[in-house]
Amino acid sequence: MKPVSSIIRFMSLTEIKSQIDAMSDEDRFLAAAYLQHLANSRDDVYLGELAARGDRIEAGKKFTLEQAVRMHESLEREGW
């Protein structure tokens, strides 16, 4: 059995763009989400903020459902 690295053919940027153009909107959305995930997983600032949020949640600093609903409604009124 050949090593995986010798089997995988790397695509040029032009080929990748062509594949993306041919995707459905749903697949393109999922691909974009995956690329954002990759970027976030390599961003030390983002990872630090995520860890800090987790720490706040574990410390009991959470939103109640009622607070979240009020915030959502307020953001919708502002056009978000």
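What you see is a predicted model; the values in this text were computed from it and never measured.
Thr64 meets the side chain to side chain donor-acceptor pair (under 3.5 Å) test with Gln67; sequence neighbours excluded. Taking the side chain to side chain donor-acceptor pair (under 3.5 Å) definition, one finds that Thr14 meets it with nothing, sequence neighbours left out. Under the side-chain contact (heavy atoms from CB on, under 4.5 Å) criterion, Ile16 pairs with Met11, Ile20, not counting sequence neighbours.
For residues 24-53, the salt bridge (Lys or Arg N to Asp or Glu O under 4.0 Å) pairs, not counting sequence neighbours, are Asp25-Arg28. Each salt bridge (Lys or Arg N to Asp or Glu O under 4.0 Å) pair with one or both residues in residues 69-79, not counting sequence neighbours, appears once here: Glu66-Arg70.
A continuous path of hydrophobic side-chain contacts links Phe63 to Leu75 [ILVMFWY only; heavy atoms under 4.5 Å].
Hydrophobic cluster of Phe29: the remaining members, joined at side-chain heavy-atom separations below 4.5 Å, are Leu30, listed by chain and number. Summarising the hydrophobic clusters (Ile, Leu, Val, Met, Phe, Trp, Tyr; side-chain heavy atoms under 4.5 Å, direct or chained), the residues clustered with Leu65 are Val69. Here Tyr46 sits in one hydrophobic cluster together with Leu47, Leu50; the rule is ILVMFWY side chains under 4.5 Å apart, joined directly or through other members.
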